[in-house]
Asks: 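Structure below; questions to follow.
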Amino acid sequence: MADDQPWKIPPIVQELAAAGVLEPPSRYVIGEQDRPALAAASMPEPIPIVDLSRLSAAAADGHGADDEAAKLLSALQNWGLFLAVGHGVEPGFLAEVMEVTRGFFKLQPEEKRKYSNLVNGKEFRFEGYGDDMVLSEDQILDWGDRLYLIVEPESQVAHGLWPAQPPRFSSVLPEYAARCRGIAGVVLASLARLLGLQERRFVGMMDQGLAMTHARFNYYPRCPQPDRVFGLKPHSDASVITVVLVDDAVGGLQVQKPNDGGVWYDVPIVPNALLVNVGDAIEIMSNGFFTSPVHRAVTNAERDRVSLAMFYTLDPEKEIEPLPELVDDKRPRRYGKTTTKQYLAALYERFARGARAIDTVKISAAADGCDQTRSNREDDGQMIE
Ligand SMILES: O=C(O)CCC(=O)C(=O)O
Ligand SMILES: [Fe+2]
């Protein structure tokens, strides 16, 4: 298929950068109005930091409304995300996760291509190494490569796409996923309490059917003109919740505050903290009580950068809709029904053209009560971002 549509096979950005291009090819260059300012706005208040050990201790005591839970609530209402400390993952292990991530992208191009997301060099699949799916010739490409893998459950793991190098990669990743799952569980239990729901309301869903953990290793090479490209286009994550390990030396993640006029703020690097954000599935299920934050990655001329996002999603066929406990006359239903599978199809298509998938399920005042304006595409996609 791609033989007569060569634009579907984008270059590996790391190889472009290594070839020393002086300016990004036109396929990467974004419109003037969307270009990232070289300096992001200064924060109206510091990005919230939440201590998860205090959050779990409060839960164990039955003090759901202690200070830390209040901080979590305000963090999620104001930003949709926070930096987690007291998460129990040892700094040495986080450093090892960073090391295997960098180690993979440092491999020779031929070695990395063994894990390509192009079957026979042309048919795109979600898992593997390469670029995001290219859906049209005029799609603006991101200045970054990624390795995308399903980590849990074991039945869904494509072992052939797991890199053999660095040698510790395939043992570090499942262990890290399990640790992040624990973090997601603590946060989701608190979220449920904050919403007046049973503590296991969300956590229970994460054990049902083919609920999955996906890992996305992002690599953003140096870019000669960082103000003309995105490392990763603005998006919100389709997941229930995402845990991100950001580069410990180079910044680049930026976020918008909900209802703040579209200003971009830099997320600071806090050593050994993990960034936790709610995803679109929580926005829908909470009936808009929590908003999934729009974020993006920008590049830089001096240093390359890595990050590792762990996405937690529900069974692909499970219906996602506002929980009945959170819908009443005062707060009518704000979102239609969808499933992870349907939602992802909408997301890929929208992400490619810089639009948001959440708009496909939002109920406008006029159309109250309607289900999702469905995207007609029914692909069984696996990429979440
Ligand atoms: O690179 C980053 O810091 C963010 C990555 C991200 O948002 C994603 O992979 O969905
Ligand atoms: Fe993201």
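The basis for the numbers below is simple: all heavy atoms, side chains too, and nothing from hydrogens, waters or symmetry mates. Atoms within a ligand are numbered from 1 in the order they appear, just like the ligands themselves. In what follows, residues are counted from 1 in the order of the sequence shown.
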Asks: Among the N/O/S atoms of Asp237, select the one at the shortest distance from the Fe ion (ligand 2) and name it.
Replies: OD1

Asks: By number and element, which atoms of ligand 1 are closer than 4.0 Å to a non-hydrogen atom of His235?
Replies: 6 (C), 7 (O), 8 (C), 10 (O)

Asks: I want to check a possible cation-pi pair here: Lys8 against Phe124, using under 6.0 Å from ring centre and within 45° of the ring axis as the test.
Replies: no

Asks: I need the atoms of ligand 1 closer than 4.0 Å to a non-hydrogen atom of Arg216, numbered in the order shown.
Replies: 9 (O)

Asks: Output the list of atoms in ligand 1 that are nearer than 4.0 Å to some heavy atom of Leu253, sorted by atom number.
Replies: 3 (O), 4 (C)

Asks: Considering only heavy atoms of Ala309, which atoms of ligand 1 have at least one such atom less than 4.0 Å away?
Replies: 9 (O)

Asks: Using the rule ring pair (Phe, Tyr, Trp, His ring centres under 6.0 Å), only one of Tyr219, Phe104, Tyr148, Tyr115 pairs with Tyr129; which is it?
Replies: Phe104

Asks: Starting at CG of Leu253, measure out to CZ of Arg296 and round the result to the nearest 0.5 Å.
Replies: 10.5 Å

Asks: Relative to the heavy atoms of Tyr220, which atoms of ligand 1 are at a distance of less than 4.0 Å?
Replies: 1 (O), 2 (C), 5 (C)

Asks: Check ligand 1 against Arg305 and write out every atom of the ligand that is under 4.0 Å from a heavy-atom position of the residue.
Replies: 1 (O), 2 (C), 3 (O)

Asks: Would you say that Lys71 contacts Ile49 through its side chain, given a criterion of any heavy-atom pair below 4.5 Å between the two side chains?
Replies: no

Asks: Going by an N to O cut-off under 4.0 Å, is there a salt bridge joining Lys106 and Asp304?
Replies: no

Asks: Just checking, any donor-acceptor pair under 3.5 angstrom between side chains of Tyr265 and Asp260?
Replies: yes

Asks: The test is ring pair (Phe, Tyr, Trp, His ring centres under 6.0 Å); show your working for Phe217 and Phe169 and say whether it passes.
Replies: CA-CA 12 Å; Phe217 297 80; Phe169 185 100; 5.1 Å; yes

Asks: Thinking salt bridges, do Arg113 and Glu15 make one under a 4.0 Å N-O criterion?
Replies: yes

Asks: By atom name, which N, O or S atom belonging to His295 lies closest to the Fe ion (ligand 2)?
Replies: NE2

Asks: Show which atoms of ligand 1 fall inside a sub-4.0 Å distance from at least one heavy-atom site of His295.
Replies: 7 (O)

Asks: Which bit of Leu232 gets closer than 4.0 Å to ligand 1, counting heavy atoms only: side chain, backbone, both or neither?
Replies: side chain

Asks: List ligand 1 atoms under 4.0 Å from Asp237, heavy atoms only on the residue side.
Replies: 10 (O)

